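Note that the structure is predicted; figures quoted are calculated from it, not measured.
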Amino acid sequence: MHPGRSHHPLEGAALPVGVLLCLALGLSLLAVRLWPAPAPPADYVAISAVSAEAAPEPAGPDASTGSYAEDCGRNREGHRNADNVVISPGVVGGAHHVHDYVGNVSTDASSTDATLVAAGTTCTGGDRSSYYWPVLRRTDRTAEAGPHGPHAPADGGHGNTGEILTPETVSVEYRGNPWSKVVPMPRFLRLLEGDPTAATDGGADARARWGCSGFPGRTTTRYPLCPAGSLLTRTLDFPSCWDGRRTDSPNHRAHTVFPTASGVCPPHTFPIPQLRVTVGYRPPPGTTFALDAFPEQQHSPLTDHGVFVGLMSDGQMASVVACLNQDRTCRESG
């Protein structure tokens, strides 16, 4: 025997590769079990975790079940500003966040009924109505240099920063009433959908509906995390029971309200075509996206909202009403 030399049969021998792989796999599984992947922040949810909505109530015998869709583009023109001509007319930057527009190409803080009627439109059928909503941003990228419209800095101001995402799709659709026939919308009607201060005012008027394409019937008030190949969607359903007299009201809500779940309008109101705008985006990775909002709203998805100024001609609106009341599926393509 040699002094100082070990004679243990395994000492100094390398472990076989298979043993090392097994050990590595075991440690990985243990790590997953003891330290699972962190849950997404509270404002985000995997669409797979969102429950399906209940089926709608059956339509009544006098329902208007038609639909009328039109192509107004997806704002590739870059018509954006931080104005809100309905809520803060005449106040440049009065929205404190940036809006995306389709339809009327001139809408800003200084717009009037007369200037809107005289302007052009992105809608192929000639509808000069204005449709707008807050932009969605990719928060891990820097905003592009230069303004997004005459009154909108690229960073939006008020804590709204990041690259503005151009919608991949925008759907503008008018739908009937599941209980009765509809009457025409008056020209110059103003409509507000959702609540831009929902995160701090209790959210009674919140109407946010986020989802993912390919997952019908699943919507949430949180930002959805969509799988590969699915678009992130926002659905803006506007009120459709009109008081028959006014085109606006002091709070921009009282003149046109929502029907019950069955479609019945409250007393002394009349069913009008129900506007639905659906906006789709290619989702950024993970949770790197958020809505423009007032600073105190902290980009809450609950604050999603849309605004509408109706400028269809009487003839255009008559075509919409006839389509809905005759239970047809129509598409205006110019």
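Using the six-membered ring where Trp is involved, His97 and Phe294 have ring planes that are perpendicular, over 60° apart on the 30 and 60° scheme.
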**OP:** Decide side chain to side chain donor-acceptor pair (under 3.5 Å) for Ser240 and Arg276; before the verdict, give the C-alpha distance in whole Å, the side-chain angles of both, and the deciding distance to 0.1 Å.
**Re:** CA-CA 10 Å; Ser240 57; Arg276 168 176 286 182; over 6 Å; no

**OP:** Go through Ser130 and Tyr101 one step at a time and tell me if the side-chain contact (heavy atoms from CB on, under 4.5 Å) criterion holds.
**Re:** CA-CA 7 Å; Ser130 183; Tyr101 293 80; 3.8 Å; yes

Original post:
Should Thr269 and Thr256 be marked as a side-chain contact (heavy atoms from CB on, under 4.5 Å) after you check the CA-CA gap, both sets of side-chain angles, and the distance that decides it?
Top reply: CA-CA 8 Å; Thr269 65; Thr256 311; over 6 Å; no

Original post:
Between Tyr132 and Val85, is a side-chain contact (heavy atoms from CB on, under 4.5 Å) present by the stated rule, with each step listed?
Top reply: CA-CA 11 Å; Tyr132 59 99; Val85 69; 3.8 Å; yes

Subject >> Check against side-chain contact (heavy atoms from CB on, under 4.5 Å), Leu291 and Tyr223 >> reply: CA-CA 9 Å; Leu291 196 64; Tyr223 293 124; 3.2 Å; yes

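Side-chain atoms of Thr220 do not come within 3.5 Å of backbone N or O of Trp210 as any donor-acceptor pair. A donor-acceptor pair is defined here as one N or O able to donate and one able to accept, closer than 3.5 Å; such a pair exists between the side chain of Arg128 and the backbone of Ala119. Within the 3.5 Å criterion, the main-chain N or O of Ser213 finds a donor-acceptor partner in the side chain of Ser230. Using modelled atom types, one side-chain atom of Asp83 and one backbone atom of Gly93 make a donor-acceptor pair closer than 3.5 Å. Not a single donor-acceptor pair under 3.5 Å links the side chain of Asp195 to the backbone N or O of Gly203. Between the side chain of His268 and the backbone N or O of Pro266 there is no donor-acceptor pair closer than 3.5 Å. Side-chain atoms of Ser64 come within 3.5 Å of backbone atoms of Ser180 as a donor-acceptor pair (strictly under, hydrogens ignored). In this structure a side-chain-to-backbone donor-acceptor pair under 3.5 Å is present from Ser319 to Gly315. The backbone N or O of Asp127 lies less than 3.5 Å from a partner atom in the side chain of Thr121, making a donor-acceptor pair. Thr139 places no side-chain N or O within 3.5 Å of a backbone atom of Gly162 that could act as its donor or acceptor partner.
Applying the salt bridge (charged side-chain N to carboxylate O under 4.0 Å, His left out) test to pairs two or more places apart or on separate chains, those with a residue in residues 199-217 are Glu53-Arg209, Asp205-Arg253, Arg209-Asp237.
Residue-environment remark: CZ (Arg282) stays at or below the threshold of 12 foreign heavy atoms within 6.0 Å. Within 6.0 Å of the CG atom in Asp314, the count of heavy atoms belonging to other residues, nucleotides or ligands does not exceed 12.
The CG atom of Leu116 sits 5.5 Å away from atom CG of Leu311, with the distance rounded to the nearest 0.5 Å. To the nearest 0.5 Å, atoms OG1 (Thr65) and CZ (Arg328) are separated by 11.5 Å. The distance from the OG1 atom of Thr278 to the CG atom of Leu236 is 7.5 Å, given to the nearest 0.5 Å. In this structure, Leu302 CG and Gln297 CD are separated by 9.0 Å, a value rounded to the nearest 0.5 Å. The CD1 atom of Ile272 sits 9.5 Å away from atom CD of Gln274, with the distance rounded to the nearest 0.5 Å. Atoms NE2 and CZ, on His255 and Arg245 in that order, are 11.0 Å from each other to the nearest 0.5 Å.
When side chains are defined from C-beta on, Met312 counts as touching Val320, because their heavy atoms get closer than 4.5 Å. Between His79 and Thr107, some side-chain heavy-atom pair lies under the 4.5 Å cut-off. With contacts defined as side-chain heavy-atom distances shorter than 4.5 Å, the pair Leu189/Phe238 does not qualify. Side-chain contact between Cys123 and Val102 is absent, with no heavy-atom pair separated by less than 4.5 Å. Here the side chains of Pro41 and Asp43 are not in contact, with every heavy-atom distance at 4.5 Å or above. Using a 4.5 Å cut-off on side-chain heavy atoms (C-beta onward), Leu192 and Val86 make no contact. With contacts defined as side-chain heavy-atom distances shorter than 4.5 Å, the pair Leu324/Val321 does not qualify. Put simply, the side chain of Val117 reaches to within 4.5 Å of the side chain of Phe188, judged on heavy atoms.
Taking every heavy atom of both residues into account, Ala199 and Ser300 meet most closely at CB-CB, 3.8 Å. Summarising the geometry of Gly194 relative to Pro196, their closest heavy-atom pair is O-CD, 4.1 Å, with the distance given to 0.1 Å. Heavy atoms only, all atoms of each residue included: Asp304 and Ala208 are closest at CB-CB, 4.0 Å. Heavy-atom minimum distance, Phe215 versus Pro227: CE1-CG, 3.6 Å. Taking each heavy atom of Arg74 and Thr169 in turn, the nearest pair found is CD-N, 4.3 Å. Nearest heavy atom pair, residue Asn84 against residue His99, reads ND2-CE1, 3.8 Å.
Side-chain contact annotation: Glu332 with Thr124, donor-acceptor N/O pair under 3.5 Å absent. Side-chain contact annotation: Ser106 with Asp108, donor-acceptor N/O pair under 3.5 Å absent.
Checked for salt-bridge contact, Arg137 and Asp292 meet the test: a charged N lies under 4.0 Å from a carboxylate O.
If you look at Tyr44 and Phe289, their ring centroids are closer than 6.0 Å.
Cluster membership check: Met185 does not share its hydrophobic cluster with Val309, using side-chain heavy-atom separations under 4.5 Å among Ile, Leu, Val, Met, Phe, Trp and Tyr. When the side chains of ILVMFWY residues are joined at heavy-atom separations under 4.5 Å, either directly or via intervening members, Trp179 and Val182 end up in two distinct hydrophobic clusters. Transitive grouping of hydrophobic side chains (ILVMFWY, heavy atoms separated by less than 4.5 Å) brings Leu275 and Trp133 into a common cluster. There is a path of hydrophobic side-chain contacts, each under 4.5 Å, that joins Leu191 to Val183.
In this structure, Arg76 has no salt bridge (Lys or Arg N to Asp or Glu O under 4.0 Å) partners at least two apart in sequence or on a different chain. For Asp140, the salt bridge (Lys or Arg N to Asp or Glu O under 4.0 Å) test picks out Arg138, with sequence neighbours left out.
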